[in-house]
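Written out below as structure tokens is the structure these notes cover.
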There are 2 protein chains.
Amino acid sequence: MQLTRSVKHDPKQRLDEIIVKLRELNFRITPQRVAILRIFLNSQDHPSVEQVYAQVKADFPSTSLATVYKTVNLLKEVGEILEISFAGGGNRYDGIKPYPHPHLICTTCNKIMDSEIGLVDQIANELEQTSGYRIVSHQIEFFGTCPACQKK
Amino acid sequence: MQLTRSVKHDPKQRLDEIIVKLRELNFRITPQRVAILRIFLNSQDHPSVEQVYAQVKADFPSTSLATVYKTVNLLKEVGEILEISFAGGGNRYDGIKPYPHPHLICTTCNKIMDSEIGLVDQIANELEQTSGYRIVSHQIEFFGTCPACQKK
DNA sequence: TCTTTATAGATAATAATTGTCAACAATCGA
DNA sequence: TCGATTGTTGACAATTATTATCTATAAAGA
Ligand SMILES: [Mn+2]
Ligand SMILES: [Mn+2]
Ligand SMILES: [Zn+2]
Ligand SMILES: [Zn+2]
């Protein structure tokens with residue numbers, strides 16, 4: 001069960017690839033979709049829908065929040081962004097590493113960091129053996145205080 | 001960073017202990033609270049607020065949903081139930097093991113199983129070293145199909 | 001360019017949860 | 001045990017995040 005895969009992140013190349021993919025799936029390439037996709041591909045900080053909405057409106061003032069939600073769902077369904085959901089506030093998204101991976105979340109400033117843990121696939125394998133579940137995904141989050149917030 | 005602790009689960013004893021604790025914190029011991037607490041202490045299946053509501057109404061028909069939510073929040077705050085939240089539907093709760101621990105979630109029947117992974121504390125320690133975060137909690141969920149649902 | 005039809009934007013609807021407040025009842029002290 | 005105090009309940013309004021609906025529009029292919 002290989003849940004993760006390594007992807008060298010090149011926003012421009014991925015934008016092109018995803019556009020081709022969407023076209024193949026008979027989705028239309030609208031300026032709104034491209035703008036939202038660009039924002040995801042260039043955000044290191046796991047933005048929320050509201051944050052994407054604010055950004056896209058800067059370039060494209062007529063965009064509606066519903067369109068952002070619809071595009072987010074579309075990109076989720078085609079596997080090009082990862083949804084991170086947890087208690088307290090809305091979901092966050094990762095457009096750079098769209099496959100399941102662990103996160104470190106600062107409960108003070110809400111910053112979300114990627115964290116590499118090599119053991120995840122082994123753990124998933126073990127769990128499959130011992131539990132009989134067929135594991136297809138995971139969500140692993142560690143909560144705490146980031147270095148910056150500790151200095152206060 | 002010892003996030004987990006082992007607790008031998010004895011519903012009756014824990015009920016008494018929690019009641020003493022709540023009284024010490026100047027919370028009143030109402031029949032509704034005791035009823036809700038009993039349900040949590042005797043549920044192996046990580047019930048939702050709605051499920052607890054349905055159960056408590058069987059014995060106590062006048063109970064309101066708001067009271068269930070308030071009691072859930074109270075028990076969360078005093079650390080006697082664990083909240084499990086993920087995309088798709090409401091939160092689920094564990095009143096038997098109220099400390100962070102990994103779960104296996106069936107995306108077909110929504111069953112949630114506890115899963116023991118010894119490595120969690122080591123991973124948390126490693127992450128603290130490499131990231132500088134001070135980790136205080138975690139949420140680890142594996143999604144897949146349970147054995148029963150695979151047979152269909 | 002023309003036609004088809006998926007999509008955008010406006011807005012209503014929904015789901016989950018939280019806030020408000022008056023009547024009530026758990027607790028404690030006399 | 002009684003009575004005063006004040007935290008809690010239950011009804012319901014409000015909020016937050018998200019999804020559904022619908023019509024004008026515009027992307028894509030002929
Ligand atoms: Mn990430
Ligand atoms: Mn559990
Ligand atoms: Zn922080
Ligand atoms: Zn199942």
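Proteins get letters first, then strands, A, B, ... in listed order; numbering begins at 1 in each. As a basis for the values below, the full set of heavy atoms in this structure was taken, side chains included, without hydrogen atoms, waters or symmetry mates.
When rounded to the nearest whole Å, the span between CG of A:Asn26 and C1' of D:dA28 equals 10 Å. The interatomic distance linking B:Phe27 (CZ) with D:dT9 (P) rounds to 11 Å, in whole Å. Distance, A:Leu22 CG to D:dA28 P: 11 Å, rounded to whole Å.
From the 5' end on, the contacts that DNA chain C makes with chain A at under 4.0 Å to a non-hydrogen atom open and close at C:dT5 to C:dT11.
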Distance-only donor-acceptor pairs under 3.5 Å for side chains of residues 144-152 of chain B, two or more places apart:
residue: B:Gln150; atom: OE1; partner: A:Arg134; partner atom: NH2; Å: 3.3
residue: B:Gln150; atom: NE2; partner: A:Gly132; partner atom: O; Å: 2.9
residue: B:Gln150; atom: NE2; partner: B:Thr145; partner atom: O; Å: 2.9

Name every donor-acceptor pair, under 3.5 Å, that has one atom in a side chain of residues 34-45 of chain A and the other anywhere in the protein, sequence neighbours excluded.
residue: A:Asn42; atom: ND2; partner: A:Arg38; partner atom: O; Å: 2.8
residue: A:Ser43; atom: OG; partner: A:Ile39; partner atom: O; Å: 2.6

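A donor-acceptor contact shorter than 3.5 Å is absent between the side chain of B:Arg33 and the backbone of B:Thr71. At distances below 3.5 Å, not a single donor-acceptor pair connects side-chain atoms of B:Gln139 with backbone N or O atoms of B:Pro100.
Taking a 4.0 Å limit (strictly below) on heavy-atom distances, residues 33-48 of chain B does not reach DNA chain C anywhere.
With sequence neighbours left out, A:Thr107 forms a side chain to side chain contact (heavy atoms under 4.5 Å, CB included) with A:Phe143. Under the side chain to side chain contact (heavy atoms under 4.5 Å, CB included) criterion, A:Thr63 pairs with A:Gln32, A:Val56, A:Phe60, A:Thr67, A:Val68, sequence neighbours left out. Under the side chain to side chain contact (heavy atoms under 4.5 Å, CB included) criterion, A:Asp10 pairs with A:Lys12, A:Gln13, sequence neighbours left out. Partners of A:Lys57 under the side chain to side chain contact (heavy atoms under 4.5 Å, CB included) rule, at least two apart in sequence or in another chain, are A:Tyr53.
Regarding contacts with the backbone of D:dG10, a side-chain N or O of B:Ser62 is found under 4.0 angstrom from either OP1 or OP2.
Comparing the start and finish of the helix from C:dT1-D:dA30 to C:dA30-D:dT1, five pairs each, the helix axis swings through 40°, to the nearest 10 degrees.
If you chain together hydrophobic residues whose side chains sit under 4.5 Å apart, B:Leu15 and B:Val20 never meet in one group.
Applying the salt bridge (charged side-chain N to carboxylate O under 4.0 Å, His left out) rule to pairs touching residues 99-120 of chain B yields B:Lys97-B:Asp114, B:Lys97-B:Glu116, sequence neighbours excluded. For residues 69-92 of chain B, the salt bridge (charged side-chain N to carboxylate O under 4.0 Å, His left out) pairs, not counting sequence neighbours, are B:Arg14-B:Glu80, B:Lys21-B:Glu80, B:Lys76-B:Glu83.
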Protein-to-nucleotide contact annotation, 5' to 3' order, nucleotides 17-27 of chain D [B base; S sugar-phosphate only; - none; under 4.0 Å, heavy atom]:
SBBBB----BB
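A side-chain donor from one of B:His103 and B:His46 sits under 3.5 Å from a side-chain acceptor of the other.
Contact between A:Ile105 and B:Tyr133 at its shortest, heavy atoms only, is C-CE2, 3.9 Å.
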